[in-house]
Amino acid sequence: MSSPAQARIDLDAISGNVAVVREQAGGAEVMAMVKAEAYGHGLVPAARAALAGGATWLGVAKLDEGLRLRAAGVVGVPVLVCLGVPGEDYDRGVADGLDFAVGAPWLLDELTAAAERAGRPVRVHLKADTGMSRGGATPEDWPGLVDAALAAEAAGAVQVVGLMSHFACADELDHPSVPRQLATFTDMVESAEKAGVRPEVRHLANSAAALTLPDARFDLVRPGIATYGLSPAPSLGSFGLRPAMTLTASTALVKRVPAGSGVSYGHTYVTDRETTLAVVPAGYGDGVPRHGSNVLPVLAGGKRRTIAGRVCMDQFVIDLGDDPLAAGDEVVLFGPGDQGEPTAQDWADALDTISYEIVTRIGGRVPRVYEGGPAAD
Ligand SMILES: *Cc1c(COP(=O)(O)O)cnc(C)c1O
């Protein structure tokens, strides 16, 4: 079917990638991170595919993402909300049985109050700041948070299910912060356990650590980008992962123009001879970065072409030379790479960013078309 722009999502690739990480993680459980629409792949279908691949936990950033999973019938699996904000509807979070990462006293207080109203304990994972200086309690604040959680647990309002932290530089082999964070986490876990915490799971590893740092795996690993088949550390290889997203568009118009034709806003590209141009209906409104003007490769008619001139809101132009292409023919913007198309990593390299940003920003206007995967229920 011809379509302005669509993202085909290979659900079997997602399941397979989780299996790859599970194999690598040697016995640790897998929490598939499905925040931000599963890095652009679609929250619920990606979550189901990850579970089919052997994930036994799901992780999201925001409360609303967890609520959406429950509303879609993803139940009977723990879902960890990593980033709470004061004043959110924690009553609903508790009612839906979500887990919460807790790195600050205010969140413990709000969750405890919600749990008391509900008459059931809330499951929390105490979050340590071991050196990223983002979320989590610093080593100085840690004993206070641990004691407050233990008191809430004794009162029946809280169940401390996990102890967790997050790496800043696990994608850089030999970065000195990595062993430091690992040692700090080990110390903070030990002090919490000495104080009386009995966690079900201790967890620290993102994709990069899960795939390259056996010592960081603990009881559970939290792969995000690897779940979608993109390498967390491209310089170290692909780890046998398969990219799950293929972004395509059908050309809207193909036409001959003379030499000297300025193309798109600002005329930053000018044809140097008579040539054929094609209009591709995907623009920055769909998540094609405007910085990709005159930079990003796409596959058209079996050949790599570079976007000609500026990326517009809804469309961009490519210069086909004398190659024949008709309106409605498919252009592949990026995909797994095995048909000669660029990968999301190629786009990231061309733009000096990371593949995470490329796939995550593919917008809501682009329909996701799911292929393979667990049977729908
Ligand atoms: C996003 C996230 C991850 C996954 O990171 P990747 O580098 O994509 O594997 C793991 N843990 C937490 C807390 C996260 O927010």
Side-chain angles (χ1 to χ4, degrees), residues 14 17-18 20-22 24-25 28-41 43 46-47 50 53 55-66 78-85 98-104 107 124-137 161-173 175 177-178 181-182 185 201-213 216-236 238-239 241 243-245 344-345 348 353-361:
I14 292 176
N17 293 328
V18 169
V20 166
V21 174
R22 238 183 116 200
Q24 280 287 321
E29 289 187 68
V30 173
M31 174 187 290
M33 298 304 294
V34 294
K35 60 196 178 189
E37 282 305 326
Y39 293 42
H41 294 67
L43 175 67
T56 47
W57 296 68
L58 297 170
V60 295
K62 316 226 168 145
L63 172 61
D64 183 59
E65 298 173 317
V79 174
L80 176 62
V81 176
C82 290
L83 182 58
V85 173
L98 299 176
D99 289 22
F100 292 89
V102 173
L107 181 53
V124 305
H125 300 236
L126 299 181
K127 185 165 187 184
D129 177 3
T130 55
M132 179 147 172
S133 307
R134 198 179 63 176
V161 174
L163 297 173
M164 66 182 288
S165 188
H166 192 53
F167 276 120
C169 310
D171 55 325
E172 294 176 49
L173 218 52
H175 194 286
S177 69
V178 174
Q181 282 198 261
L182 187 53
F185 185 61
V201 284
R202 297 157 300 166
H203 48 109
L204 174 61
N206 55 7
S207 296
L211 293 168
T212 67
L213 271 176
R217 288 170 193 152
F218 293 91
D219 305 306
L220 178 154
V221 297
R222 304 189 306 261
I225 198 72
T227 302
Y228 310 103
L230 296 162
S231 177
S235 63
L236 300 182
S238 69
F239 302 97
L241 303 167
M245 183 189 292
Q345 186 61 50
T353 184
I354 53 176
S355 61
Y356 299 63
E357 188 182 7
I358 300 298
V359 289
T360 302
R361 65 192 282 177

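Whatever order the structure lists them in is the order used to number ligands and atoms, beginning at 1. Reckoned from all heavy atoms, side chains included, excluding hydrogens, waters and symmetry mates.
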query: Among all protein non-hydrogen atoms, which one is nearest to atom 12 (C) of ligand 1, and what is the separation to 0.1 Å?
result: His166 CE1, 3.5 Å
- request: Specify side chain, backbone, both or neither for Arg222, according to which of its non-hydrogen atoms lie closer than 4.0 Å to ligand 1.
  value: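 The answer is both, backbone and side chain.
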- request: Can you figure out which of Asn206, Leu80, Leu204, Val21 has its heavy atom closest to atom 5 (O) of ligand 1?
  value: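 Among Asn206, Leu80, Leu204, Val21, the closest heavy atom to atom 5 (O) of ligand 1 belongs to Asn206.
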- line: Heavy-atom proximity to atom 7 (O) of ligand 1, picking from Tyr356, Tyr228, Phe167, Tyr39, points to Tyr356
Hey, is the main chain of [Y] close enough, under 3.5 Å, to the side chain of [X] for a donor-acceptor pair?
| X | Y | value |
| --- | --- | --- |
| Ser165 | Ala128 | yes |
| Gln181 | His166 | yes |
| Arg222 | His203 | yes |
| His41 | Ala38 | yes |
| Asp219 | Arg202 | yes |

message: Would Ile225 count as being in polar contact with ligand 1, using the rule that some N or O on each side must be under 3.5 angstrom apart?
response: yes
- prompt: Is there any N or O on Gly224 that sits under 3.5 Å from an N or O of ligand 1?
  reply: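 Among all N and O atoms of Gly224, at least one is under 3.5 Å from an N or O of ligand 1.
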What atoms in ligand 1 come closer than 4.0 Å to a heavy atom of [X]?
| X | result |
| --- | --- |
| Ser207 | 6 (P), 9 (O) |
| Met33 | 2 (C), 3 (C), 4 (C), 10 (C), 12 (C), 14 (C) |
| Lys35 | 1 (C), 2 (C), 3 (C), 14 (C), 15 (O) |

message: Going by side chain to side chain contact (heavy atoms under 4.5 Å, CB included), Pro223 matches just one of Val18, Val20, Val21. Which one?
response: Val21
query: Of Leu211, Ile354, Thr212, which is the lone residue that meets side chain to side chain contact (heavy atoms under 4.5 Å, CB included) with Pro232?
result: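 With Pro232 as partner, Leu211, Ile354, Thr212 yield a single side chain to side chain contact (heavy atoms under 4.5 Å, CB included), made by Leu211.
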